[in-house]
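Structure first, then comments.
Chain naming here is simple, since letters A, B, ... match the order of the sequence lines and numbering starts at 1 in each. Basis for what follows: all heavy atoms, side chains included, without hydrogens, waters or symmetry-related copies.
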Number of protein chains: 2
Amino acid sequence: MPVTLKELAARAGVHPSTISRVVNRDPGLRIAPETRARIEALIAETRYRPNGIARSLKLRQTFVVAVIIPDVTNPLFAGIFRGVEDVALTRGYNVILCNTDNLHEREASHLESLHARRVDGVILASATLADPSVARLRQLRIPFVLVNRYSDTRHAFVGSDDVAGGRLATAHLLSLGHRRIAHLAGSQKVSTSLLRRRGYLEALEQAGVEPDPALIVDGGFTEDLGARAMERLLALSRPPTAVFAVNDMAAAGAQDVLVRRGLRIPKDVSIVGYNDVPLVSRLHPPLTTVRVPPVRFGQASAEILFEQLETGTASSRRVVFQPELVIRASTGPPG
Amino acid sequence: MPVTLKELAARAGVHPSTISRVVNRDPGLRIAPETRARIEALIAETRYRPNGIARSLKLRQTFVVAVIIPDVTNPLFAGIFRGVEDVALTRGYNVILCNTDNLHEREASHLESLHARRVDGVILASATLADPSVARLRQLRIPFVLVNRYSDTRHAFVGSDDVAGGRLATAHLLSLGHRRIAHLAGSQKVSTSLLRRRGYLEALEQAGVEPDPALIVDGGFTEDLGARAMERLLALSRPPTAVFAVNDMAAAGAQDVLVRRGLRIPKDVSIVGYNDVPLVSRLHPPLTTVRVPPVRFGQASAEILFEQLETGTASSRRVVFQPELVIRASTGPPG
DNA sequence: CACCGTAACACAAACGTTTGTGCACGGCCC
DNA sequence: GGGCCGTGCACAAACGTTTGTGTTACGGTG
C-alpha cells in the first residue's frame, strides 16, 4: 500500500493541498523555501507517486489512449502501435492495445470497455467501411483517429494512398509486358482493399487492357487465404501471368502454391505484394512489394489525436503518405 | 459527459446506492420488482456504464494489467501479447502494452508509470538476468510473472526449456555430421541466450566435440546483428560448416550474407534458427528452427497472474514448455 | 395492543486527488 | 496606530463509486 498525500501531509505537518501543489509545481504557489525543501525531501524519501486513479477521477483525464487493430501479429499493425506508443510516451500517456481479429463484435465490446475506463482517445486501425464502431465513438464523444483504413471520409485519418499503391503495383507489371494480371483482393468491406483494387483497375484501364472479372478473386489477408485464391486462379483455363496481392501475407501464400506446383517465379508468374513486412525481402524469390511506413502512420495518428485532446475539438484532418514500389526478384517479363 | 449514478438516481427517484446495487447485482439486495424494473429500464435507456475510474478508486482495483516486452514488432512477443489478451478479456481486464527496446531505462520508466496507474499486475517478457525492474516490482508489491526470459528462478515464470532447445538444434546438426558448428549467441544478459548456449555446449560435449571459442560469437537478436556475426565467422581461417542462431531473425541475417557470398545452404553451410516466426518457412531455403508456442506462453502467464490476483499471494510457479525441432531445408550434411 | 420481524430502501463515509477561496499574520506606510 | 498588502498556508468541496449500517412502514403474532 503506497504512500498517500494525506500521510505525507501529516508527516510534514502541512495540509494535503500544499503537498499537492508542490508535486504539481503549481505556478501560483507561494511557499516558504524551507517548507518546500522539507516536503521535497519527504517526497524523495518515500518515493511518493500520486495515485493516478484519484488524479484521473478529479481531472477527468486518464492519460491513457487505446489502439484498436485487427491483429498485432501482423507487422503492419505492430508498427503502427510502435508509432503511437512513441509519441504517447513523450506526453506521459500509456496505451492499451486491443485486437479485434476483424470481428465487429469484438471491436464493439472493446469499445464499451474502453469507454467504461474513460480512455482519453482511441486510434482505430481496424475500421471497416461504414463501421458502426466509429458511429459509436462519435456518440460517446471519444476523440479518435482512423489509421490505415477508414470508414468514411469525414473523420481524422492517416494512411497511405492505396489507389496509388494499387496503380503502382499494376503499372509495374504492365510495364513488364504482362496483360493477364490477376488481383488477390482482400475483403471489400475495408477501404484499403477497395482502393487498391480501384488502383489496379485504373492502371489496367489506362493501359487499355480490359479487366477480366475472373482474374479478380476475393481472398483475404492471410497466407492461407492467399494460397487458396491462387489455386482458384491456377484452375482457370487461361491462368494469369502475374498477380498483385492485397498484402504480403497473401502474396506469400500465393507464392507458396506456385512453388509447390513447380511454377517458376517470375518466369511463369510474377507476383507483387503490399506493405513490405519483414522477411519478404528474403523470400524465394525476394518479393516485389509496395512499401508503406507503418510507424509513421502511428506517429502521425497519435499526433492528430493529441491535437484533438489539447484543443478539445474533433478534427477531420487527413494525412496520406505516398506508397513506394520496391522492386525485387518476384517480378519480371512474362516468360 | 456520460450519465452518472447520481443523475440516474435522481431520475429514478431513488438513492444512488440502490442503483449501484442493481448494476452490480448485489446478491444481498432486496428490492421491489417494479423499482428494479424501473431502474433497469433507465439503465438500458441511457446506456449507463459505471465510471471505471471512480470504481477503481473505491475498489482499489483497476482491472488493467500491463505487458512489458522488448518489441511488438517481433512476432514472438506479439504472440505472447495475444495470449495474455485472450485470457485477460475473459476476465474483463484490459491490457497496456509497453515496449522497452531492451533498454533498462525504458523498462524502469514504464514501471513507474504503471505503478502510478495502479495496474493490477504485470507480465514481463523483457527481463534480463538480475533485472533491477524485478526487484522494483517486488518492492512495489505489484503482482507479476516473468515470461520467456527470467531474471532469477525465484519468481513465477513461464517459458520453454531453452537448454533443451539449444541441445535439440545442435544435436540435429551433429547428427548430420557437422563438427565445426558455430553459435550466433544473443546477449548473455538474458536467460534465453544463456541457456540456449548452454544447450549448445552440452550437446557438443555429449558428442565429444571440443567447443571452439572462436565459433561462439555474441551477436544480437536482429537480422543486422546476425549478418555481422556471420561475416566475422566467415573471416575465420577455418569457418564453420553449420551455425545455430539464437533466433530466427539472426538466422535470416546470417543466411543473407551466405547467399550474397555465393555460398550454398545447406551444402556449404547449414543453418538453424529459433522460434519459428512467420515466413521463415518460406525463406530460401526454408529455415530449420526450434519452435516455441508464444501464444500459450501468454495464456499461461496470464493465468498465473490472475491466480495471484485472486489469492492475493505471490506465486513462484514455473511452467515450461518443451520446444520442438522443425526440420526444413536449411540443414543438411556438410558438403 | 404492544411488539417484532422483515422488506425496501436511504444515509454517509470513504477511496486519493485537485483547486478556488479564505484567513491569519507580519511588515510597511502615512 | 490604523489600514493595507503580501506571504504562506489551511479549508473544504468535488470527482463517481461502493458498502456497512440505519431507518421507516407495514404486516403478522401472541
For A:R117, is there an ion pair with A:E112 - N to carboxylate O distance below 4.0 angstrom?
no
Under 3.5 Å, side chain of A:Q299 to main-chain N/O of A:V87, donor-acceptor pair present?
no
Under 4.0 Å between any heavy atoms, over every strand shown, what does A:T4 touch: base, sugar-phosphate, or nothing? Just pick one.
sugar-phosphate
N-O pairing of B:K189 and B:D131 below 4.0 Å
no
One character per nucleotide, please: for nucleotides 5-11 of chain C, 5' to 3', B when the base has a protein heavy atom closer than 4.0 Å, S when only the sugar-phosphate does, - otherwise.
--BBSBB
Stepwise side-chain hydrogen bond (donor to acceptor under 3.5 Å, both in side chains) check, B:S113 with A:N94:
CA-CA 8 Å; B:S113 170; A:N94 278 119; 2.6 Å; yes
Could you tell me whether the side chain of A:R38 and the main chain of A:A12 form a donor-acceptor pair under 3.5 Å?
yes
Ring centroid separation A:F144 to A:H155 under 6.0 Å
yes
Which part of the nucleic acid, if any, lies within contact of A:N24, taking any heavy atom under 4.0 Å across all strands shown: a base, the sugar-phosphate backbone alone, or nothing?
sugar-phosphate
First and last nt of DNA chain D near chain A, cut-off under 4.0 Å to heavy atoms, 5' to 3', are D:dT7 to D:dG16
Carboxylate-amine/guanidinium proximity below 4.0 Å for B:E107 and B:R136:
no
Degree of bending, the helix from C:dC1-D:dG30 to C:dC30-D:dG1 (end axes from five pairs; round to 10°):
70°
Measure up the B:Y93 and B:F306 rings against each other and bin them: parallel (under 30°), tilted (30 to 60°), perpendicular (over 60°).
perpendicular
Any ion pair linking B:E303 and B:R317 (charged N to carboxylate O, less than 4.0 Å)?
no
Given the rule in the salt bridge (Lys or Arg N to Asp or Glu O under 4.0 Å) test, do A:R82 and B:D101 qualify, once you have shown the distances and angles that lead to the verdict?
CA-CA 11 Å; A:R82 287 303 310 253; B:D101 286 327; 2.9 Å; yes
